[in-house]
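Report on the structure given below.
Protein chains get the first letters and strands the later ones, always in sequence-line order, with residue 1 at the start of each.
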Amino acid sequence: MTAARGKWLQLAVLAIVIAALPLIFPSGYYYRVGALIFVNALSVVGLVILIGLAGQISLGHAGFAGIGAYACALAPAHLGLHPGLALVLGAVVSGLLALLIGRPILRLKGYYLAVATLGFGILVSMVLTNERALTGGPDGMAVEDIGLRPLLRDLGWRISGGEFWYGISGIALLIGAWMALNLLDSPTGRAMRALHGSEVAASTVGIDVARQKLRAFVISAVYASVAGSLLALQNGFVTPDIAGFMHSIEMVTMAVLGGVGSVIGAVLGAAILTLLPQVLTVFAEYEQLVLGAVMIIVMIFMPQGLLPSIMRRIRGRGE
Amino acid sequence: MKTTTRTAFAVLLGMGALSGAAQAEIRLGASVSATGPAAFLGDPEAKTIEMMVEEINAGGGIDGEEIVLTLYDDGGDPNKARTFATRLIEDDEVVAIIGGSTTGTTISILDMAEDEGIPFISLAGAISIVDPVREYVFKTPHTDRMACEKIFTDMKAQDITKIGMISGTDGFGASMQAECKEVAGDQGIEILADETYGPQDADMTPQLTRIRDTEGVQAVLNPGFGQGPAIVTRNYAQLGFEIPMYQSHGVASNAFIELTGKDAAEGIRLPGTALLIGDLLAEDDPQYKVVTEYTAAYQAKYNEEPSTFAGYAHDAVALLADAIARAGSTEPDAIRDALEETSGFVGTTGTYSFTPEDHLGLDLSAFRMLEIADGGWKQLD
Amino acid sequence: MDALLQFIFSGMTVGAVYALVALGFTIIYNASDVVNFAQGEFVMLGGMITVFAHQAGMPLPLAAAMAVVAAAGGGVALNRLAIEPARSAPVVSLIIITIGASILIRGAARLIFDKQLHRLPSFSGDTPIRIMGATILPQSLWVMGGAVAVFIGLWLFFSRTLTGKAVLATANNRIAAQLVGINTRWIMTLSFGLSAAIGALAGVLVTPITLVSYDVGVALALKGFAAAMLGGMGNPRGALLGGILLGLLESMTAGYLSSQYKDAVAFIVILAVLFVMPQGIFGKKPVERV
């Protein structure tokens with residue numbers, strides 16, 4: 001199978017799943033869960049580029065999600081910008097910030113990189129929590145409606161909020177996945193992949209290591225920011241939790257759980273970690289216990305993540 | 001086909017109740033923060049809601065119909081709270097919702113409830129929940145603003161007009177800090193020093209030293225909950241402050257006195273509810289019966305004392321049960337209308353009277369000013 | 001002047017708490033290159049087990065000793081059940097495993113103990129000691145003494161004992177260490193047990209000051225991790241100094257600038273230090289093998 005065919009196959013599978021799932025949804029609540037999975041998956045796709053491709057870790061990407069989310073809350077309220085445009089503004093701000101801090105931060109390696117990115121995430125969430133006059137503090141602030149649904153209604157298409165955001169998030173994920181798959185295929189993608197193996201080796205074959213790392217960092221920041229914006233827009237409300245340390249950890253866990261090298265793995269990881277708390281509500285007392293155990297067991301038995309391990313097993317049987 | 005997939009999904013997502021079954025039951029939904037940073041609020045609330053539903057059902061339900069409770073733990077995360085609110089309304093098809101331990105989670109639920117026309121009783125403090133009034137949204141706790149006013153009134157009675165504040169940066173502390181700063185001017189109180197601490201900090205002596213070194217401070221106010229106020233109080237004693245200290249209703253529990261130690265807590269004043277001083281209430285006090293009965297039941301079941309926050313949940317369930325009985329219907333709109341007509345309903349927090357213009361229904365009299373004396377509570381007014 | 005001294009006392013107290021947590025990170029890191037994000041949970045376990053054993057009527061020293069032993073057992077179990085089976089996994093997988101372990105331990109503690117806050121009585125009373133207008137609680141001296149004692153112990157362990165040197169050799173090159181006859185499996189068991197025991201000891205010492213509940217571990221691990229990285233991971237001297245430095249930074253910022261942004265200033269300084277010294281203050285520069 002050629003790489004190009006693989007790309008279209010993955011996108012087609014994703015598109016069919018997104019389009020077909022509503023056929024079996026028993027209630028509006030499932031649209032909400034679906035939309036959450038897609039939004040989470042979008043930010044995780046960005047992390048796949050950073051962690052899986054370029055081999056760099058970040059424990060602070062929720063900071064970028066926070067910037068995206070608060071851009072959608074603040075820009076309409078203070079600058080009179082349309083919420084849709086605010087999403088773009090948030091992405092630009094996140095990208096520029098990543099560019100600015102990326103160069104010094106990415107010189108660090110391993111755990112030092114982890115603590116530096118962690119520090120960045122904490123700084124963002126601290127500003128959002130403390131600048132109460134602007135952000136509403138820990139109580140959060142309202143986000144203006146994007147105004148598309150009334151427009152659709154005027155055009156004679158009545159859909160519920162849940163259905164609307166399911167569609168928007170699904171489309172956003174498809175676009176994000178398509179762009180990521182293109183990148184994976186490109187010379188840039190191959191150059192980034194070389195970093196994952198060994199930075200020293202990569203530099204000896206003429207790859208500008210710092211530049212490729214920075215590129216991956218900026219791209220993943222933009223993904224996280226857009227995902228944060230989409231979440232804020234569909235919730236109509238945002239609090240500093242979105243930029244918190246736990247959210248960063250959750251994002252990395254989703255990426256690693258699914259299989260950090262692939263886009264479909266990202267969706268799988270996001271789906272599992274989003275569904276788990278919903279499935280476990282009956283055993284709420286044991287939720288943390290189960291979540292922790294799942295993380296450990298998957299990592300022990302499938303250190304490359306779920307998807308690559310499953311694929312290897314399927315292929316192994318085929319041979 | 002539809003039923004099979006529905007069953008499959010229900011099994012997949014581990015849900016017990018399937019709709020379409022017989023309707024001889026009242027479906028009640030709840031989403032509280034039983035874990036996470038706001039577990040201090042949500043844990044006793046969840047326990048209370050479960051206990052009261054059991055009690056009502058054991059007593060034959062409401063008009064012979066049993067309450068079926070669906071309770072979710074949103075972990076204090078507004079995003080999760082919104083998902084659970086959607087689930088309660090769309091999937092569990094509840095007729096009313098209790099919950100939102102924090103202002104953030106409340107606002108997430110409130111949007112959904114208002115859109116879908118489901119009555120919702122919030123357990124959070126911010127005034128913005130009921131001001132402006134929303135058709136389907138009520139709340140049982142007093143607002144943080146009322147707590148500030150109660151404290152400031154007591155301060156002025158002691159001729160205290162210049163104070164220092166030290167607040168937690170968690171939702172509760174930050175919200176009350178902002179509300180107190182807003183009403184201070186009207187109340188003739190001047191805030192000379194305004195410090196904060198993180199909810200997990202281990203030592204607050206630098207902040208307190210700054211307050212001590214501020215010229216003219218006559219008292220210190222510390223809005224917050226959890227370990228923060230306990231550490232502040234111990235540091236306060238360590239630094240040898242001689243001016244009075246005021247705490248908020250966030251620490252109104254005996255556990256607070258245990259955590260700070262009797263000596264450090266001596267003389268602290270705070271606004272609390274009747275629930276805290278059940279054994280001090282006169283037998284003809286209108287709240288005597290409800291407070292002592294609830295406290296006894298809670299202690300028997302969970303082997304701990306109910307906190308002020310547990311009381312908010314008690315009142316929410318009791319108000320709803322009362323409204324459903326009066327409505328004689330399980331239609332959300334009928335319950336809402338009955339709820340709004342509630343008048344003179346005695347709860348553990350105070351006496352509630354809702355009107356179309358007032359969905360809080362409490363006034364300042366619900367707060368009682370308390371002082372810690374000899375490791376126990378003393379009522380001041 | 002007495003304000004400055006008060007800020008220093010506060011910073012030293014908080015810093016000693018961070019240092020104790022940071023010291024716990026060093027042994028595991030030295031033996032295996034793994035940063036154990038569940039380290040904070042051992043601190044929590046130390047506090048919680050002592051509280052509950054003490055409530056059940058056990059004398060405090062005995063309760064504390066039991067907590068330390070129990071936590072050490074937990075550390076050994078963590079290594080056997082979760083770290084060893086994933087030996088060859090990439091760093092990011094190991095991070096997820098230890099974070100998973102931390103969530104698991106927290107969940108278990110919530111079920112076994114409770115969700116309430118608890119406190120232990122101070123070891124030498126609550127009468128503050130006055131020094132030139134500033135005050136310090138006797139328990140702070142216990143925490144500082146504990147941090148210094150653990151530091152000295154570790155320093156002697158790594159530089160004077162054969163086992164300590166074997167730990168370092170294992171970290172440096174596991175296969176070479178095995179070749180010269182070091183039982184690397186035993187070394188790993190020992191490292192996790194010791195780290196957990198140090199964490200639990202920290203928990204016992206700090207609980208009279210900071211209080212304890214099932215969920216205090218995350219915040220402690222975060223600050224301890226930051227302190228260890230600031231000083232240079234794997235170096236006991238770095239852990240001690242990093243912790244004290246972080247504590248002083250916070251108290252000075254709270255005292256002279258803004259209490260709202262004291263944590264922010266701490267992290268900005270960490271970022272700045274890492275930009276100049278990418279391996280922390282005392283860290284060694286690793287060489288990448290191709």
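C:Leu222 places a side-chain heavy atom less than 4.5 Å from the side chain of A:Leu118. Taking 4.5 Å as the limit, some side-chain heavy atom of A:Gln288 sits within range of a side-chain heavy atom of C:Tyr214. When side chains are defined from C-beta on, A:Ile105 does not count as touching C:Leu274, because their heavy atoms never get closer than 4.5 Å.
With a 4.5 Å cut-off on non-hydrogen atoms, A:Ile57 touches chain C through its side chain but not through its backbone. At a 4.5 Å heavy-atom cutoff, the contact between A:Ile300 and chain C is made by backbone and side-chain atoms alike. In this structure, chain A has a heavy atom under 4.5 Å from the side chain of C:Leu111, while its backbone stays farther away. Heavy atoms closer than 4.5 Å to chain C are found nowhere in A:Val298, neither backbone nor side chain. Looking at A:Phe245, only its side chain comes within 4.5 Å of chain C, counting heavy atoms on both sides. Interface remark: A:Val115 contributes backbone and side-chain atoms alike to the contact with chain C (heavy atom separation under 4.5 Å). With a 4.5 Å cut-off on non-hydrogen atoms, C:Arg106 touches chain A through its backbone and its side chain both.
One finds the CZ atom of C:Phe267 at 7.5 Å from the CG atom of A:Leu123 (value rounded to the nearest 0.5 Å). Expressed to the nearest 0.5 Å, how far CG of A:Leu108 lies from CE of C:Met277 amounts to 12.0 Å. Between the CD1 atom of C:Ile96 and the CG atom of A:Leu257 there is a distance of 8.0 Å, given to the nearest 0.5 Å. Distance check, rounded to the nearest 0.5 Å: CE of A:Met295 to CD1 of C:Ile95 gives 11.0 Å. In this structure, the separation between CZ on A:Arg107 and CZ on C:Phe275 is 8.5 Å, given to the nearest 0.5 Å.
Taking non-hydrogen atoms and a 4.5 Å limit, the residue list of residues 246-261 of chain C in contact with chain A, ordered by number, reads C:Gln260, C:Tyr261. Of residues 213-221 of chain A, not one residue has a non-hydrogen atom less than 4.5 Å from any non-hydrogen atom of chain C.
No donor-acceptor pair closer than 3.5 Å links the side chain of A:Tyr112 to the backbone N or O of C:Pro278. In terms of modelled atom types and a separation under 3.5 Å, the side chain of C:Ser93 and the main chain of A:Met299 share no donor-acceptor contact.
Taking each heavy atom of A:Ile296 and C:Ile97 in turn, the nearest pair found is CG1-O, 3.7 Å.
In this structure, A:Met311 places its CE atom where only 12 or fewer heavy-atom neighbours from other residues, nucleotides or ligands lie under 6.0 Å away. Heavy-atom neighbours of C:Arg80 CZ from other residues, nucleotides or ligands within 6.0 Å: above the threshold of 12.
Ring geometry for C:Phe225 against A:Tyr111 counts as perpendicular: the plane angle is over 60°, on a 0 to 90° scale with 30° as the lower cut.
Of the listed residues C:Val35, C:Leu271, C:Ile270, C:Ile83, the one with more heavy-atom pairs under 4.5 angstrom with chain A than any other is C:Val35.
Listed by chain and residue number, nothing satisfies the side-chain hydrogen bond (donor to acceptor under 3.5 Å, both in side chains) test with A:Asn130 (two or more places apart in sequence, or in another chain).
Sorted by first and then second residue, the salt bridge (charged side-chain N to carboxylate O under 4.0 Å, His left out) pairs involving residues 257-269 of chain C (not counting sequence neighbours) are B:Asp201-C:Lys262, C:Lys223-C:Asp263.
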